[in-house]
A.B. asks: 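Pasting a structure here, questions to come.
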Amino acid sequence: MADHKKVLASIAVATDPAKLRTLRENAQRLGVPEVEEAAFRRLVEILPEEAPGSIEHDFWKTIHAFEEILRDERGKTVRLSRTRQKIDRVGVMRTLIDFAVSKTPTDGFKMLIERGLPELTGEALVLKHASHFEPAVLDAARSRLEGAGVDTARLWPQG
C-alpha cells in the first residue's frame with residue numbers, strides 16, 4: 001500500500017476548491033479512498049464563507065456536501081435551488097428546524113446517511129448546536145438519526 005502522507009498533508013491545508021476536486025477525482029480513479037475522503041471533507045470545510053465553528057458554517061458544509069455528491073453522480077454542477085431559496089426566505093435556523101421535524105427525511109439526509117456522513121446531516125447539526133433549539137426539535141432530530149442507525153452519542157465524541 002502506498003504511503004499518502006504527503007498528499008494528505010497538502011490536502012489538510014489546501015484552500016483551492018478546484019485542486020481539491022482534482023485530487024478527489026484522481027483518488028477515485030486510482031482507488032485511494034483515504035485521499036478521496038480527505039479531499040472531500042476539506043472541500044466542504046473551505047467552501048462556506050461563514051465563520052468556522054458557527055452553526056451557519058456547519059449548515060453550509062452540509063449543503064455543499066450534498067451538492068458535491070450530486071455533482072459526482074450527475075457529472076455536472078448541481079445547486080440545491082429550492083433549499084437555497086428557502087434559506088433566503090426563512091433563514092438557516094428555521095430550515096434546520098424544518099429538516100428535523102418534517103414527517104419524512106430529506107433526500108440529502110438519506111444520501112448523507114448512505115455515504116457514512118451522518119455528522120453532515122441537518123439533524124446532526126441540530127444536536128451539535130443543541131443550545132439553539134427547543135427540546136422537541138432536538139428529540140425529533142435524535143429520533144430521525146437513531147432511526148437511521150446512527151449512534152448520536154458518538155457523533156462528536158470530543159464534545
Side-chain angles (χ1 to χ4, degrees), residues 1-84 86-87 92-93 95-96 99-100 105-133 138 141-142 144-159:
M1 176 179 266
D3 184 5
H4 302 290
K5 287 181 184 173
K6 284 185 180 179
V7 71
L8 290 171
S10 73
I11 288 169
V13 296
T15 59
D16 180 359
K19 178 182 177 183
L20 288 165
R21 285 187 182 105
T22 298
L23 286 167
R24 274 191 75 218
E25 290 167 8
N26 290 340
Q28 286 171 333
R29 184 174 41 79
L30 297 170
V32 187
E34 179 183 19
V35 172
E36 179 187 350
E37 181 178 350
F40 174 81
R41 289 185 179 277
R42 181 65 182 161
L43 179 62
V44 299
E45 182 67 36
I46 67 164
L47 286 173
E49 297 174 3
E50 294 73 17
S54 69
I55 194 168
E56 292 82 7
H57 182 268
D58 288 346
F59 178 80
W60 284 103
K61 282 174 48 177
T62 293
I63 298 300
H64 290 299
F66 188 39
E67 289 177 344
E68 286 298 318
I69 290 167
L70 291 173
R71 175 190 178 114
D72 290 348
E73 287 185 357
R74 298 179 186 174
K76 62 181 182 179
T77 300
V78 176
R79 292 287 175 249
L80 301 177
S81 303
R82 289 186 307 205
T83 302
R84 288 172 176 269
K86 178 175 182 152
I87 296 160
V92 167
M93 298 300 290
T95 302
L96 281 170
F99 285 174
T106 64
D107 290 341
F109 177 88
K110 294 176 203 170
M111 197 171 276
L112 291 167
I113 293 293
E114 288 170 3
R115 285 160 180 75
L117 300 166
E119 73 281 1
L120 291 176
T121 64
E123 290 78 357
L125 299 183
V126 166
L127 298 180
K128 181 178 182 182
H129 298 277
S131 64
H132 296 276
F133 300 96
L138 297 172
R142 187 175 294 103
R144 167 122 346 109
L145 285 162
E146 289 174 353
V150 176
D151 181 353
T152 57
R154 293 182 182 227
L155 280 176
W156 300 279
Q158 75 281 5

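All residue numbers in this chain count up from 1 along the given sequence. Scope of the values below: all heavy atoms of this structure, side chains included, with no hydrogens, waters or symmetry mates. Because the structure is a prediction, the values reported are computed rather than measured.
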A.B. asks: Which atom names give the shortest non-hydrogen contact between Val150 and Leu155, and what distance separates them?
C.D. replies: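 Looking at all heavy atoms of both residues, the closest pair is CG1-CD2, 3.9 Å.
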A.B. asks: Could you go through the side-chain contact (heavy atoms from CB on, under 4.5 Å) check for Val126 and Leu138 one step at a time?
C.D. replies: CA-CA 7 Å; Val126 166; Leu138 297 172; 3.7 Å; yes
A.B. asks: Considering all heavy atoms of both residues, which atom of Arg29 and which atom of Asn26 are nearest to each other, and what is their separation?
C.D. replies: NH2-OD1, 2.9 Å
A.B. asks: Using a strict threshold of under 4.0 Å (side-chain N to carboxylate O), is an ion pair present between Arg115 and Glu68?
C.D. replies: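 Here Glu68 does not pair with Arg115 in a salt bridge, since their nearest N and O are not under 4.0 Å apart.
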A.B. asks: First locate atom CD1 of Ile63, then atom CG of Asp58, and finally report the distance between them rounded to the nearest 0.5 Å.
C.D. replies: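 Answer rounded to 0.5 Å: 12.0 Å.
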A.B. asks: Just checking Arg82: does its CZ atom have more than 12 heavy atoms from other residues, nucleotides or ligands closer to it than 6.0 angstrom?
C.D. replies: no
A.B. asks: Quick one: side chains of residues 7-17, donor-acceptor pairs under 3.5 Å with protein atoms, not counting sequence neighbours, listed by atom name and distance.
C.D. replies:
residue: Ser10; atom: OG; partner: Val7; partner atom: O; Å: 2.8
residue: Asp16; atom: OD1; partner: Ala18; partner atom: N; Å: 3.0

A.B. asks: Taking all atoms of both residues into account, what is the closest heavy-atom pair of Ala124 and Pro118, and its distance?
C.D. replies: CB-O, 3.1 Å
A.B. asks: Specify the closest pair of heavy atoms between Phe99 and Arg144, including all atoms of both residues, with the distance to one decimal.
C.D. replies: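 Smallest interatomic distance, heavy atoms only, reads O-NH1, 2.8 Å.
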A.B. asks: Give the C-alpha distance, both sets of side-chain angles, the deciding distance and a yes or no for side-chain contact (heavy atoms from CB on, under 4.5 Å) between Thr83 and Ile87.
C.D. replies: CA-CA 6 Å; Thr83 302; Ile87 296 160; 3.9 Å; yes
A.B. asks: Using side-chain contact (heavy atoms from CB on, under 4.5 Å), reason through Thr106 and Phe66 one step at a time and then give a plain yes or no.
C.D. replies: CA-CA 11 Å; Thr106 64; Phe66 188 39; over 6 Å; no
A.B. asks: To the nearest 0.5 Å, tell me how far Asp72 CG sits from Gln28 CD.
C.D. replies: 5.0 Å
A.B. asks: Heavy atoms, side chains only, cut-off 4.5 Å: are Glu73 and Val78 in contact?
C.D. replies: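 No, their side chains stay 4.5 Å or more apart.
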A.B. asks: What's the shortest heavy-atom distance between Leu23 and Ala39, and which atoms?
C.D. replies: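 Minimum heavy-atom separation between Leu23 and Ala39: CB-CB, 4.3 Å.
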A.B. asks: Which pair of non-hydrogen atoms, one from Glu123 and one from Phe109, has the smallest distance, and what is that distance?
C.D. replies: OE1-CD1, 3.1 Å
A.B. asks: Drop me the distance from Thr62's OG1 to Leu96's CG, to the nearest 0.5 angstrom.
C.D. replies: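 Rounded to the nearest 0.5 Å, the OG1-CG separation comes to 7.5 Å.
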A.B. asks: CG/Leu127 to CG/Leu145 distance, rounded to the nearest 0.5 angstrom?
C.D. replies: 6.0 Å
A.B. asks: Is the number of heavy atoms from other residues, nucleotides or ligands within 6.0 Å of NZ (Lys19) greater than 12?
C.D. replies: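 Open.
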A.B. asks: Are Lys61 and Glu119 within salt-bridge range, i.e. N to O under 4.0 Å?
C.D. replies: no
A.B. asks: Verify side-chain contact (heavy atoms from CB on, under 4.5 Å) between Ile69 and Leu117, making sure each step is shown before the conclusion.
C.D. replies: CA-CA 11 Å; Ile69 290 167; Leu117 300 166; 4.2 Å; yes
A.B. asks: Does the Glu67 side chain pair with the main chain of Leu80, one donor and one acceptor, at a distance under 3.5 Å?
C.D. replies: yes
A.B. asks: Indicate every side-chain donor-acceptor pair of residues 46-57 with a distance under 3.5 Å to a residue at least two apart or in another chain.
C.D. replies:
residue: Ser54; atom: OG; partner: Ala51; partner atom: O; Å: 2.7
residue: Ser54; atom: OG; partner: His57; partner atom: N; Å: 3.0
residue: His57; atom: NE2; partner: Glu45; partner atom: O; Å: 3.1

A.B. asks: Kindly indicate whether the side chain of Phe59, heavy atoms from C-beta on, has any atom under 4.5 Å from the side chain of Met93.
C.D. replies: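 With C-beta onward as the side chain, the pair stays apart.
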A.B. asks: Determine yes or no for a side-chain-to-main-chain donor-acceptor pair under 3.5 angstrom, with Arg21 supplying the side chain and Leu43 the backbone.
C.D. replies: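 A pair under 3.5 Å: no.
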